[in-house]
Amino acid sequence: MELVVKELGVARGGVRVLEGLSFVLGAGQALILRGPNGSGKTTLLRVLAGLQPSVAGRISVSRDSVAYASHADGIKGQLSVAENLHFWARLHAERDITRALEAFDLRALQDRLAGALSAGQKRRLGLARLMVTGRPLWLLDEPTVSLDSEAVALFGAAIEAHLQRGGMAVIATHIDLGLTSARVLDVTPFRARRPVGDAFDEAFL
Amino acid sequence: MELVVKELGVARGGVRVLEGLSFVLGAGQALILRGPNGSGKTTLLRVLAGLQPSVAGRISVSRDSVAYASHADGIKGQLSVAENLHFWARLHAERDITRALEAFDLRALQDRLAGALSAGQKRRLGLARLMVTGRPLWLLDEPTVSLDSEAVALFGAAIEAHLQRGGMAVIATHIDLGLTSARVLDVTPFRARRPVGDAFDEAFL
Amino acid sequence: MIALLMRDLRLAVRAGGGFGLGLAFFLIVVALVPFSVGPETALLARIAPGVLWLGALLACLLSLDRILALDWEDGSLDLLATAPIPLEGIVSVKALAHWITTALPLVIAAPVLGVLLSLPAQGYLWLIVSLLVGTPALSVIGTFGAALTVGIKRGGLLLSLLVLPLYVPVLIFGAEVARRGAEGQAVQVHLLLLGAITCGAMALLPFASAAVLRVNLR
Amino acid sequence: MIALLMRDLRLAVRAGGGFGLGLAFFLIVVALVPFSVGPETALLARIAPGVLWLGALLACLLSLDRILALDWEDGSLDLLATAPIPLEGIVSVKALAHWITTALPLVIAAPVLGVLLSLPAQGYLWLIVSLLVGTPALSVIGTFGAALTVGIKRGGLLLSLLVLPLYVPVLIFGAEVARRGAEGQAVQVHLLLLGAITCGAMALLPFASAAVLRVNLR
Amino acid sequence: MASIWEYANPRKFLETSDRVLPWLAALAGVALVVGLVWGFFFTPDDYRQGSTVKIIYLHVPSALIAINGWLMMLVASLIWLIRRHHVSALAARAAAPIGATMTVIALLTGAIWGQPMWGTWWAWDPRLTSFLILFLFYLGYIALWAAVEDDDTAADLTSILCLVGSVFAVLSRYAVNFWNQGLHQGASLSMDKADNVANVFYLPLLVCMAAFVLLFLALVLLRTQTEIRARRMRALLARERMS
Amino acid sequence: MPELGKYAGAVLSSYGLSLLLLALLTGLSLWRARRMKAALRKVEERVKRHG
Ligand code: HEM
Ligand SMILES: Nc1ncnc2c1ncn2[C@@H]1O[C@H](COP(=O)(O)OP(=O)(O)OP(=O)(O)O)[C@@H](O)[C@H]1O
Ligand SMILES: Nc1ncnc2c1ncn2[C@@H]1O[C@H](COP(=O)(O)OP(=O)(O)OP(=O)(O)O)[C@@H](O)[C@H]1O
Ligand SMILES: [Mg+2]
Ligand SMILES: [Mg+2]
């Protein structure tokens, strides 16, 4: 299991934002995406998750092996924490949600309606969802938003455990996660240049 | 102009979360709220903003002097950045939005539709809104979420300038903002205790 | 206040047509009536004033949840509530914006659709007058309903349930004026009553809406 | 798939009644008709089958935006699209859930409302049959419309606009079956055609819905 | 004398109602049995309406409760809005389904009665129509209670809805009167016109009305108790979760 | 049984339906009351035990 990205170009709203991006991620490795606001990290992750087509290059990974966690968490406020997790677990043909509940310290909250959680608690639930997908490649967009330092540590431990089991992770973030083993990729150098000349067709993209 | 909070108690979803909170904030001062997830920072800010009644204690500030910035930004995706700011400015009887645009480096984006901004750019716009309200007391809930380090610096500068002009700020955050002059208040010790005994009426709250 | 009105109007235009869509719904509902009750002209002419009123009412109804829910979702409503305008003013402006963007186009379009349903010639004047007098009440009552259901996700259907019984008196008098107009009977009394309901609703309901909104915001 | 169906049903029950509200809207629309066209029994009996069909259709229509938009807003749809179920299956399950929570109660309630409109006695059987056969098509077509408009904030009105023309054939045949049934004429041909439309829609539209959804997600 | 507001204390209310409830329920049961049995078995047929006149013993009392149930909710809502006693808000909530059921009973019996008397199940008569509208108000009120999660918020919202709804219900009543002249006249029943005609009908009817009132009161007390307990349980659970 | 004549259907069905509805309402209220009482007692005991 490997993620190979070759000369990838991605676009958003009809404008290229990144191009010529290549990297290889082996089993048990993590990659941290960095770059200033608006540099295209979210766009890149959505392309990797198969939610959006790339405009150039190749990605070696099948859609069935990725679990994507975006800014929005996909949590139903009217269902309890456990019900939310159960649903995603059954959808991915997994049974067990206790490991996920434990990993993010949600045991005490499991019967609470998800709508009555604080911002950080909601985020923890969103991250716990990743653990019940059974997917090897995690794509995380700013996962630690609104988490306190304790929860950030839990998150770090969950990632490490996932990598240990041969999983992979691509994480876009602005702050330091304390993942010592992870490689860092700054996307700034891959920012798409303006096309030279006035290539009419290209302006269509 | 002073914010005096005395023996404040706040509740969320019918449950007391904080009680016995007192502090005084003078002109030109900032207060940073800290506390683990779910400790009640958001609730406290909403009470201070007058959006929600307190269950005990006093707050000395009038609703007309606060500007509140929550997790949601109140940005209309169909309006451009400048139009969004203009609207809030006119609502608060201010005219000038250039200072706000400049402070958060939004000049280049001003004609872009707000719906086509990245997460961090949106947040910058949400913060810029504070500057056109002309209100002295800023209440900020995790303002630096999804901001890159450059934007965090801009934010720090904006806060400093606001304090310099005699403004005040209460900021809930989990990460270090680098505001050297600000006091820090940890809300953990004020977590509401269980009422002793079985006061039937109290369980109704 | 004017800033708010301008913003709401602009948003309605930008959002892919607050104007157009209510109108289109009206058109389609009216156009579906012959399909469902059959194409006889005499029958259609007889029910035309009523169908036009009902269609206008439903078109209004469907756009009600846009009045406040969008502002609620993106947090604008919190910010508006802390702005230096009384909440009563805000809900009134919102109702006004709804009327301009939704009800006014309906009033203008109604005569055209009357032709589709073979409305008798003398009916057009009173149809328009009754709609002009009655629709502001629809907007104001609808704003109250929208304020009641603002915290509820996709409360659209609940909103309809709460608002429709409140619409009954307006509908009765409005349709009655239009029908009597079409049949050439006297309309004054009913028109007067319709006007009274509208005035009463405009005078009192904004206070109820603001109170409800305050409860929902906390 | 079953997990998804169960979740949708549970959400419908929890969310303050996906069941009840469509029904309530149906009741209200039917109850408002006499207010707008007048209370004469003969007239009402004549338009009853059409009005019932139109009311059921509108009630379906109003709840369409719940099918996908809620999942879109909180990001679930992105996650479902990356789940190990084909998107075609997901939209079919969603349509089924919509039918169970919205259309089925309407079918059951229609006879009761028929009483309000003085529907002739022989009309009830065919009314129910036509609704049973026709409403699945409404749900499937509606899901397609919901998939088309999913990215648009408060696309409810736009959704109606897109879906209503697609509903026309179903409405024509459905109302025709109900009307002929009420008047004691032969219904076979029309019922057959209605069934054909429903089967066709159920067989083909999920692919279109899934394709559209894929486009909207990117 | 102790202030009446003391009973607005939930605990006090529970204690008092626990004591009253058995008596009230027994009384209601007895009255109901006596009234209905009297009415059904021991009254003569009306000369014009035949045996259908027996329906009156269900129809009129349920209509009475349907209207006055809403009135009670209105009063309870006002008390909640002004004095913020939780029990009164919960009592209003408890009364709504009872009122709705009574409305359904009145509608059903009326419809069944209408078939032999007017030759139709339903007519858009003002009284019938305004009853239908009342039913819609009940439905909306119940749906709003169910849809809002926070108890106090729900109480506030439904109270205001009840106020506004009452105004509009009265408005509709008059609107409907303007709109259509009706079939439904009390005078269609012989007893109604000439007051002395029919103590035979009148007395059992009175008993039935009293029985329905008692039944209503008993049910309201019982359901209010339930609501209080539910409310307390939600509060306790929430508090437990917090720690 | 009194003689109901040709209206027997109407009278009996209205009595039947009304009594059924009343029974349903009363039954549901009682059932919920009992269940809620038990549930509350359980919760109260648990709260007391855990202090
Ligand atoms: C669905 C149909 C009907 C509804 C909703 C309905 C509703 C009502 C209402 C609201 C009342 C007033 C109760 C009160 O003032 O305390 C009433 C009373 C009454 N109804 Fe009906 N009714 C219906 C059909 C009928 C029919 C068909 C008859 C008999 C022909 C009938 C006979 C009466 C009588 C005799 C009274 C008592 C009149 C009085 O004391 O003023 N109703 N009904
Ligand atoms: N709908 C859109 N239409 C046009 N341009 C868009 C749209 N959405 C985003 N963009 C632009 O595309 C670029 C990439 O956005 P993206 O969200 O990928 O950035 P990001 O790296 O995730 O930023 P952040 O750190 O702020 O989240 C940004 O410059 C943004 O302004
Ligand atoms: N609607 C609700 N009903 C009941 N409890 C709620 C509700 N919303 C939040 N809570 C609870 O109230 C407490 C305070 O929440 P609040 O959002 O104020 O926390 P916070 O300090 O802002 O947390 P975070 O850092 O995660 O944003 C939390 O324990 C939360 O679970
Ligand atoms: Mg991003
Ligand atoms: Mg918070």
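Because the structure is predicted, anything quoted here is derived from the model rather than measured. Residue numbers start from 1 in every chain, and the chains themselves are labelled A, B, ... in the order their sequence lines are given, proteins ahead of strands.
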Between [X] and chain E, which part of the residue has a heavy atom less than 4.5 Å away: side chain, backbone, both or neither?
X       : answer
F:Leu30 : both
F:Leu21 : both
F:Lys37 : both

Out of curiosity, [X] [atom1] to [Y] [atom2], how far, rounded to the nearest 0.5 Å?
X        : Y        : atom1 : atom2 : answer
F:Leu40  : E:Leu236 : CG    : CG    : 6.5 Å
E:Ile112 : F:Ser13  : CD1   : OG    : 4.0 Å
F:Leu19  : E:Leu58  : CG    : CG    : 6.0 Å
E:Lys54  : F:Ser14  : NZ    : OG    : 11.0 Å
F:Leu22  : E:Phe212 : CG    : CZ    : 5.0 Å

Side chains of [X] and [Y]: closer than 4.5 Å at any heavy-atom pair?
X        : Y        : result
F:Arg32  : E:Glu227 : yes
F:Arg34  : E:Thr226 : no
F:Thr26  : E:Leu222 : no
E:Trp113 : F:Val11  : no
E:Phe40  : F:Leu12  : yes

Checklist entry - With the threshold set at 4.0 Å, does a side-chain nitrogen-carboxylate oxygen contact exist between F:Glu44 and E:Arg229? => result no
Checklist entry - In terms of heavy-atom pairs under 4.5 Å with chain F, which of E:Leu36, E:Ile55, E:Leu32 leads? => result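 Most heavy-atom pairs under 4.5 Å with chain F: E:Ile55.
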Checklist entry - Looking at residues at least two apart in the chain, or sitting in another chain, which of them share a side chain to side chain donor-acceptor pair (under 3.5 Å) with E:Ser130? => result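 If we apply the side chain to side chain donor-acceptor pair (under 3.5 Å) test to E:Ser130, skipping adjacent residues, the hits are E:Arg173.
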Item to check | Proximity breakdown for E:Leu215 and chain F, heavy-atom pairs closer than 4.5 Å | outcome: side chain
